[in-house]
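These values consider heavy atoms only, across backbone and side chains, with no hydrogens, waters or symmetry-generated copies. Just so you know, residue 1 is the first one in the sequence shown, and it goes up from there.
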Amino acid sequence: MFPTQFTGASFTWEQVKLGDVAEITPGGTPSKNISDYWYPKEIPWLSSGEINKEIIFSTNDMISKKGFNNSSAKWINQNSVLIALAGQGKTRGKVAINRIPLTTNQSIAGIDPSDEIYYKFLYHQLTKDYLKLRLISSGDGSRGGLNKKLLNDYAVNLSGIDEQHKIGVLLSHIDNTLQLHEDHLQFLHSFKSFLLQKMFFDNDIPPLLRFNKFTEKWNQCKLNDHTIVTMGQSPNSKNYTNNQTGKILVQGNADLYKNKILKRVFTTEVTKTAVKNDILISVRAPVGDIAQNQYESVVIGRGIASIKGNDFLYYQLEKMKNNGFWNKYIAGSTFESITGKDLKNTKIYTTNSDEERKIGNIFSSLTKIIQLQEHKIDSLKKLKQFLLQNMFI
């Protein structure tokens with residue numbers, strides 16, 4: 001199958017062995033027992049775990065010139081393609097580009113392309129071939145490894161060098177855009193965490209950030225004094241699907257919702273948006289995970305409690321979860337959980353309704369921005385995957 005081509009591309013793709021168009025150089029590690037091999041720190045040295053950086057501008061470790069001369073470490077030219085020959089988990093077969101000359105350990109090989117192949121083009125082709133590279137690895141598949149011979153014999157598909165440049169540059173632009181969006185997402189998460197710490201009570205310390213004109217003291221109360229807390233139950237009888245709505249009619253001992261068209265929510269679903277006008281909080285592992293609601297009515301399993309509340313309370317509970325608040329209440333040997341009594345007696349803080357509304361709106365808006373950013377990233381990843389599958393043979 002031939003890939004989608006750029007306008008004007010006329011070169012017929014051909015298959016060649018990687019070793020015929022690139023120099024492959026495995027690395028080496030100086031002895032850890034000889035300090036002179038590691039000090040002074042003079043030469044960048046990359047370990048296999050760092051391959052996940054994808055673009056290498058610096059290394060976590062360095063070796064000395066003496067260590068270089070007394071090991072099998074080799075210099076790898078700038079703008080080579082690095083590939084993990086071995087490594088824990090998903091590392092084997094991962095690729096990266098080095099923006100600096102460096103050396104590597106024996107679990108990484110540097111692939112220095114000839115003039116026949118553009119390094120960004122090769123990087124993206126090998127990225128596409130990740131699963132294939134793992135399959136050809138020697139060993140039992142989980143502990144196997146690539147080696148120089150396998151890579152030398154590995155078949156790559158080449159178009160003309162001009163088309164390679166266009167493909168490589170296009171996909172790299174998408175990578176750069178993805179990185180910018182991911183950096184921005186990280187900033188948004190950090191900013192939200194910062195505001196959660198500063199706009200709510202923190203270990204009985206009043207909030208450090210408040211809107212203008214709000215100066216009154218916040219009140220302390222128990223969760224059950226401020227809202228309605230309902231512990232979930234397990235229905236005793238059969239679940240029936242309502243074919244018209246797609247929701248589930250649950251008959252049993254959940255008296256609060258009896259005779260309604262319902263959707264049952266299980267503990268493992270608490271991290272998702274779930275039911276309308278309630279806050280759901282997990283009282284079993286993972287303890288404290290919360291979800292906001294989307295449905296008019298709901299039956300919840302035993303691992304969940306339903307809390308009547310608002311955005312202000314939701315984000316106060318999120319902050320408590322992030323701070324490990326529920327750890328002190330965890331009990332049970334079979335699975336981690338908190339009791340309904342402890343949940344209902346949990347200490348929370350309240351203020352006047354106008355301030356609560358403003359604080360809730362701030363975090364609700366920020367959460368929507370974060371979700372939009374996540375959607376952009378997901379769309380870019382799908383676009384890149386589509387191009388990888390359709391621009392190479």
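Donor-acceptor pairing under 3.5 Å is recorded for the side chains of Asp183 and Gln179. Judged by distance alone, the side chains of Asn322 and Gln197 never bring a donor and an acceptor atom under 3.5 Å apart. Between the side chains of Gln106 and Thr29, at least one donor N or O sits under 3.5 Å from an acceptor N or O. For the residue pair Asn157 / Glu14, no side-chain donor-acceptor distance below 3.5 Å is found, with atom types taken as modelled. Under the 3.5 Å distance criterion, with hydrogens and angles disregarded, no donor-acceptor pair is assigned to the side chains of Tyr123 and Asn79. Looking only at atom types and distance, the side chain of Tyr349 has a donor-acceptor partner in the side chain of Gln220 under 3.5 Å away.
Using a 30° and 60° split on the angle between ring planes, Phe194 and Phe191 fall in the parallel class, below 30°. Ring-plane geometry between Tyr329 and Trp326 is classed as tilted, the angle between the planes lying from 30 to 60 degrees on a 0 to 90 degree scale. Taking the six-membered ring where tryptophan is involved, the planes of Trp13 and Phe392 are perpendicular, since the angle between them exceeds 60° and thus also 30°.
Under the salt bridge (Lys or Arg N to Asp or Glu O under 4.0 Å) criterion, Asp225 pairs with no residue at all, not counting sequence neighbours.
Remark: Lys319 fails to qualify as a cation-pi partner of Phe200 under the 6.0 Å distance and 45° angle criteria applied to the six-membered ring. For the pair Lys32 and Trp38, the cation-pi test (distance below 6.0 Å, angle within 45°) is passed.
Sorted by first and then second residue, the ring pair (Phe, Tyr, Trp, His ring centres under 6.0 Å) pairs involving residues 144-175 (not counting sequence neighbours) are Tyr118-His165.
Atoms CD1 and NZ, from Ile338 and Lys328 in turn, are 11.5 Å apart once rounded to the nearest 0.5 Å. Taking CD from Gln78 and CD1 from Ile97, the interatomic distance works out to 11.0 Å, rounded to the nearest 0.5 Å.
Looking only at distances, a side-chain donor or acceptor of Lys321 sits under 3.5 Å from a matching main-chain atom of Val287. When atom types are taken as modelled, the side chain of Thr59 and the backbone of Leu46 share no donor-acceptor pair closer than 3.5 angstrom.
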